[in-house]
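Notes follow once the structure below has been shown.
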Number of protein chains: 2
Amino acid sequence: MRNLKSSSILQANPEFFLPGISIDCVVIAYDLNQINILLNKLEVLDLWMLPGGFIFQDEDMDQAATRILEERTGIKLPYMKQFYTFGDVNRRDRTRITLFDGRKDKAYLRFRKFLEQRFISSGYLSLVDMRDCHPTPDILSDECTWHPFNKLPELIYDHGEIVNKAMEELRRWINYMPVGMSLLPEKFTMKDFQILYEQILDRELDRGNFQKKMLKLGFLDRHEKQLSGGAHKAPYLYSFNEKKYNELVEKGIGYINS
Amino acid sequence: MRNLKSSSILQANPEFFLPGISIDCVVIAYDLNQINILLNKLEVLDLWMLPGGFIFQDEDMDQAATRILEERTGIKLPYMKQFYTFGDVNRRDRTRITLFDGRKDKAYLRFRKFLEQRFISSGYLSLVDMRDCHPTPDILSDECTWHPFNKLPELIYDHGEIVNKAMEELRRWINYMPVGMSLLPEKFTMKDFQILYEQILDRELDRGNFQKKMLKLGFLDRHEKQLSGGAHKAPYLYSFNEKKYNELVEKGIGYINS
DNA sequence: ACAAAAGTGTTATCCTTACACCCATGT
DNA sequence: ACATGGGTGTAAGGATAACACTTTTGT
């Protein structure tokens, strides 16, 4: 039997939640070559969806998003940003599902009614280090796993759209988000950093210029060389100077163009 | 007696609206020297608020925002962009008001109950030409008027915060919004255009560089000279080449730095 | 003639871009 | 030795920023 979390929607009375408002989280991580998105798989049905949840009556919306993210990822206070609220009437029309179909008890019927209302959903974008993450399915799901962004399965409702909007947001705000520090491990090579940017921006960048630009910005600490395994000069390892990095991210790190 | 609009919240049954979700609109216009915001003044109470409203059960959130904006401004399909959703529990704590206090009839009590729930509110930013605008108060208000952005009165609830967030959004996205074409009249001088940018960015720009930059971008048509009244060379009048301007706004007009 | 503001030109400086070059390493 | 990829250098072109110069107009 799986552990039930505090916000497990089957335990709680739906009266505890704000009606008609949900939260969907696009959790982004980077696995040394690929951008990954965290997905839940609905029990029984073979349907994938974004991790999400509802807002308690006495809870700020941001608090709810933080709670949901912490429960799914196991990370304390992950980087997080609300990016858009989806309010189309027909946003669920793509998928027709009926939950709990065998069951007739009051609690289930009550929840079914709660879940079947029209929902407006706020999308939150989160950037996490995959290595710190312990993906945990919610109570309606039996899997919670990473999926490469360019090989996503079919998603429920409008969740595909939500992911796309999140990626667009990431691209546009790349200079104003702690992309590197949130997604990369403690130590990394310049190549790692560059590929991350290439994946997000979806285009190739010039190696030499990227290196010089980032070094000139002055938020990288260089460490001893990696005694690497390739038939070539071993690359340096770098890490972020947290203070300088955050200052620069506030103002906006200069564009990377090539 | 004021005309009641279709969405007049006192006419309609509150059951027609989604519960707990509202829309607040930051309508921005430019009056040849100043940025102005459209505000409603609540009846009886001396309180100013953003124009806003609720979402019908069968209505997209964007449709609702469009409807509200059209009713308040009289403009058909104004430029509009959802920019943030405000969901703090205590977002109304700054102002304590009790509406309809004398009245006891059922319809009023029902509405009072509706209005007193906790609301999550989506903020929409809209840019309009002041000269095309016919500000119309909603049914709870007796005034709907423009207020210079730098002399705003005290606003209800968290509406001050909402305005600030909208202006921040405008500043950051200035290169991706049709700022000029939405806010300026059909024909305008380069000075008008520059002051608009200066007001938004809140800093002075170099006159010569601004002129050259904008002309080089190629979306301005130059007309005959204005036979102006000043003791100086008369400025040209310009207008936007709609097609070229919109193309450039899509990609992002280059920054203006000085 | 003069002041004021519009339109345009000039220059130093910086950033971007596209490479080229050398270096360290494992085979 | 050599292929491979890391780190750095360079030179052309473009953009930016600061300011100067010229033009037009009303008084």
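Naming convention: chains lettered A, B, ... in sequence-line order (proteins, then strands); numbering from 1 in each chain.
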Could you work out which one of [options] sits closest to the side chain of [X]?
X	options	answer
Gln211(A)	dG7(C), dA15(D), dT8(D)	dT8(D)
Asn209(B)	dC19(D), dA6(C), dG7(D)	dC19(D)
Lys233(B)	dT24(D), dG5(D), dT16(D)	dT24(D)
Pro235(B)	dA15(D), dA6(C), dC15(C)	dA6(C)

How close or far is atom [atom2] of [N] from atom [atom1] of [X], stated in whole angstroms?
X	N	atom1	atom2	result
Gln194(B)	dG7(C)	CD	P	11 Å
Phe210(A)	dT16(C)	CZ	P	13 Å
Asp206(B)	dG7(C)	CG	C1'	13 Å
Phe193(B)	dA6(C)	CZ	P	15 Å
His223(B)	dG7(C)	NE2	P	14 Å
Lys213(A)	dG9(D)	NZ	C1'	18 Å
Ile253(B)	dA15(D)	CD1	C1'	17 Å

Query raised in the report: If you take atom types as modelled and just measure distance, does the side chain of Lys212(B) reach the base of dG7(C) with a donor-acceptor pair under 3.5 Å?
Result: no

Query raised in the report: Between the side-chain atoms of Arg207(A) and the base atoms of dG7(D), is any donor-acceptor pair under 3.5 Å?
Result: yes

Between the side chains of [Y] and [X], is the shortest nitrogen-to-carboxylate-oxygen separation below 4.0 Å, so that they form an ion pair?
X	Y	result
Arg91(B)	Glu161(B)	no
Lys41(B)	Asp142(B)	yes
Lys243(B)	Glu247(B)	yes
Lys76(B)	Glu70(B)	yes

Requested in this report: Only counting residues at least two apart or in another chain, list the ones meeting salt bridge (charged side-chain N to carboxylate O under 4.0 Å, His left out) with Asp129(B).
Outcome: Arg131(B)

Query raised in the report: Of Gly230(B) and Lys191(A), whose nearest nucleotide on DNA chain D comes first from the 5' end?
Result: Lys191(A)

Report summary line: DNA chain D nearest-nucleotide lookup for Ala231(B) and Lys225(A): closer to the 5′ end is Lys225(A)

Query raised in the report: Between Ala234(A) and Gly208(A), who's closer to the 5' end of DNA chain C by nearest nucleotide?
Result: Gly208(A)

